[in-house]
Amino acid sequence: MFKLIKKDLQSQARLGVISTLHGEICTPAFMPVGTQGTVKGLMPETVRELGAQIILGNTYHLYLRPGHELIRRLGGLHRFMNWDGPILTDSGGFQVFSLGALRKITEEGVAFQSHIDGSRHLLTPESSIAIQEALGSDIVMCFDECTPFPADYDYAEQSLALTLRWAERSKAAKKDNGQALFGIVQGGVYPDLRKRSIEELVKIGFDGYALGGLSVGEPIEKMLDIVAEHAPLLPEQSPRYLMGVGTPQDLLNCVERGVDMFDCVIPTRCARNGLLFTNAGKIVIKNAIYREDDRPLDPDCDCYTCRHYSRAYLRHLYVAKEILAMVLNTIHNIRHYMMLMERIRTAIREDRFSALKRDYEERTCQNGGTRSQEEGD
RNA sequence: GGAGGGGUUCCCGAGUGGCCAAAGGGAGCAGACUGUAAAUCUGCCGGCUCAGCCUACGGAGGUUCGAACCCUCCCCCCUCCA
């Protein structure tokens, strides 16, 4: 299911292809997030045109609404949302983390109260897998506990142990139906725990491996250290997925450290909130300096937004709270991410990944990436 | 002509003797956002030589230790009746 095509000589960067039931994915790849069966603001055709090869869906959210059985009856998630490319579904493990106040973790699984209506539900490794099978995703994620940060060693160790037991149960529950199943590495920020996590997951055996429990509030340097140390420990012939990351700078840093797949809400959420990524750094489109700026967002971008609209118009739409602002901004940010990934893949193929990374950093450093530079006050 | 209501900081709008540079919205300015409870959230928002001072609650005057708040006159708006 994964074919490693090339390894960079100067870094851990890799070029590969993942085969799924709904097509191939060239890696390194960034997967736009479509939590509720839609990449917010975009039609599937647009998502595809922007260069996305695979998108995310979410077990917890689709289970609660509209319900996985309903989606199954209507032909599965692909048909339901009119996206015929690959879909990866997250298991609900992240909601164990993000909906902290509304859930209780037990050996059996996680008892949730719906954030929508307060109703009570139990999500287990078995039910999470069953839901993902009903949705019909191409890549199914094991149900895990996304360990929070900070977490002390004892908590991280117990959490990891639980996630490993759940991984075994997820594997056991998974039907042999062509859907891929990925294991998730946990262990907090503790190297020995993460190493153990990897060893145990590999023993169980998965189609791919994800680094989880990162980008949950730990310092970026910490995350990079962990990725640098642990991504190379994952099986070379399996895809490596860093969950929930990140900024363009994070993507470059983590490809360099051996990661093949990413997903993150940053490009879509930030687009809706008016933060746009360009080849000259980030732009906060609501800022007054763009009031009469007739230039495109990014002259080096080929997206629909940059080909047709000025910063002044985009600022106007945003300030006026027009729906089109979110659409155009999302188109741009996703295209920026996709273009970056395309350039990364080409650069690895042509043995110039390091040069590309350096070049991108130089172009954008003038006003930094999100959360990258020193925090002011 | 008669009866009543009202003029507050960029706008709307609370306040009705000291705790008021004055609630709350809006606008404006800036920041955040990392497996989406996010079209969300946060901060600033009269000026200055900034633990204080100055300028401000339609205008002018007055009462008071003290007034956006009480009194007098004036100006302007709105509603109803004729």
Side-chain angles (χ1 to χ4, degrees), chain A residues 30-41 55-62 64-65 88-103 112-118 128 139-147 149 182 184-186 210-220 223-224 227 241-251 253-254 259 261-277 282 284-291 317-330 333 337 367-373 375-377:
Chain A
F30 179 83
M31 309 182 278
V33 177
T35 304
Q36 308 205 69
T38 165
V39 176
K40 295 183 193 298
I55 60 174
L56 253 70
N58 184 279
T59 297
Y60 168 83
H61 289 279
L62 294 171
L64 282 185
R65 183 169 59 192
L88 179 150
T89 41
D90 187 27
S91 61
F94 183 71
Q95 280 64 44
V96 179
F97 160 78
S98 67
L99 298 174
L102 294 171
R103 90 316 193 236
F112 274 106
Q113 263 193 282
S114 162
H115 69 280
I116 301 167
D117 63 5
S128 175
I139 300 176
V140 170
M141 298 304 297
C142 283
F143 189 56
D144 67 328
E145 181 196 359
C146 180
T147 308
F149 178 88
F182 279 29
I184 303 176
V185 178
Q186 291 291 346
L211 296 176
L214 295 174
S215 66
V216 289
E218 79 284 0
I220 290 291
M223 177 187 88
L224 293 178
V227 172
Y241 165 27
L242 177 56
M243 307 184 82
V245 173
T247 62
Q249 182 67 63
D250 291 336
L251 302 186
N253 285 331
C254 295
V259 175
M261 302 164 69
F262 303 88
D263 81 280
C264 190
V265 303
I266 280 185
T268 43
R269 179 184 293 169
C270 286
R272 273 174 276 124
N273 293 330
L275 177 64
L276 301 162
F277 298 94
K282 63 183 182 181
V284 179
I285 198 61
K286 70 182 173 185
N287 284 178
I289 47 170
Y290 303 119
R291 195 193 307 270
L317 290 181
Y318 182 84
V319 168
K321 298 179 168 58
E322 281 294 337
I323 293 170
L324 188 58
M326 287 183 284
V327 175
L328 294 178
N329 289 348
T330 304
N333 270 359
Y337 268 61
N367 53 7
T370 306
R371 205 208 264 183
S372 54
Q373 309 306 321
E375 307 274 279
D377 54 355

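Every chain is numbered from 1 and lettered A, B, ... according to where its sequence line falls, protein lines coming before strand lines.
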- prompt: Start at the 5' end of RNA chain B and walk down; is the nucleotide closest to A:Gly100 or to A:Tyr318 reached first?
  reply: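 First, find each residue's nearest nucleotide; the 5'-ward one identifies A:Gly100.
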
Listed nucleotide nearest any side-chain atom of [X], set [options]:
X: A:Ala288; options: B:C29, B:G35, B:A39; value: B:C29
X: A:Thr247; options: B:U36, B:U34, B:C33; value: B:U34
X: A:Val33; options: B:U36, B:A39, B:C29; value: B:U36
X: A:Val319; options: B:A30, B:U36, B:G28; value: B:G28

Just N and O in the side chain of [X]: are any of them under 4.0 Å from OP1 or OP2 of [N]?
X: A:Gln95; N: B:A37; value: yes
X: A:Arg269; N: B:U40; value: no
X: A:Ser215; N: B:U34; value: no
X: A:Asn58; N: B:U36; value: yes
X: A:Ser114; N: B:A37; value: no
X: A:Asn329; N: B:A39; value: no
X: A:Lys282; N: B:A32; value: yes
X: A:Asn287; N: B:A30; value: yes
X: A:Arg291; N: B:C29; value: yes

Using the [atom1] atom as the reference point in each nucleotide, state the distance between [N] and [M] in Å, no decimals.
N: B:G26; M: B:U40; atom1: P; answer: 11 Å
N: B:G13; M: B:C65; atom1: C1'; answer: 32 Å
N: B:C10; M: B:A27; atom1: C1'; answer: 8 Å
N: B:U8; M: B:G25; atom1: C1'; answer: 15 Å
N: B:U55; M: B:A30; atom1: P; answer: 32 Å
N: B:A14; M: B:G4; atom1: C1'; answer: 22 Å
N: B:C69; M: B:A60; atom1: P; answer: 13 Å
N: B:A23; M: B:U9; atom1: C1'; answer: 13 Å

Separation of atom [atom1] in [X] from atom [atom2] in [N], rounded to whole Å:
X: A:His115; N: B:A37; atom1: NE2; atom2: P; answer: 7 Å
X: A:Ile220; N: B:C33; atom1: CD1; atom2: P; answer: 9 Å
X: A:Asp263; N: B:U34; atom1: CG; atom2: C1'; answer: 9 Å
X: A:Arg272; N: B:C41; atom1: CZ; atom2: C1'; answer: 13 Å
X: A:Leu276; N: B:G31; atom1: CG; atom2: P; answer: 13 Å
X: A:Lys321; N: B:A38; atom1: NZ; atom2: P; answer: 19 Å
X: A:Leu242; N: B:U34; atom1: CG; atom2: P; answer: 14 Å
X: A:Gln36; N: B:G35; atom1: CD; atom2: C1'; answer: 15 Å

Mate of [N] where both pairing distances stay under 3.5 Å, Watson-Crick or G-U:
N: B:A3; value: B:U79
N: B:A23; value: none
N: B:U40; value: B:A32

Between [X] and [Y], a side-chain donor and acceptor under 3.5 Å:
X: A:Asn58; Y: A:Gln36; value: no
X: A:Thr330; Y: A:Asn333; value: no
X: A:Tyr241; Y: A:Asp263; value: yes

With a 4.0 Å cut-off on heavy atoms, is [X] in touch with a base, just the backbone sugar-phosphate, or nothing at all?
X: A:Gly213; value: base
X: A:Glu322; value: nothing
X: A:Ile116; value: nothing
X: A:Val96; value: nothing

N/O donor-acceptor pair, side chain [X] with base [N], under 3.5 angstrom:
X: A:Asp144; N: B:G35; answer: yes
X: A:Ser98; N: B:U36; answer: no
X: A:Lys286; N: B:G31; answer: yes

Flag, side chain of [X] to backbone of [Y], donor-acceptor distance under 3.5 Å:
X: A:Thr147; Y: A:Gly213; result: no
X: A:Tyr318; Y: A:Asn273; result: yes
X: A:Gln113; Y: A:Leu102; result: no
X: A:Asp250; Y: A:Thr247; result: yes

message: Which label fits A:His115 and A:His61: parallel for a plane angle under 30°, tilted from 30 to 60°, or perpendicular past 60°?
response: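 Answer is perpendicular, since the angle exceeds 60°.
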
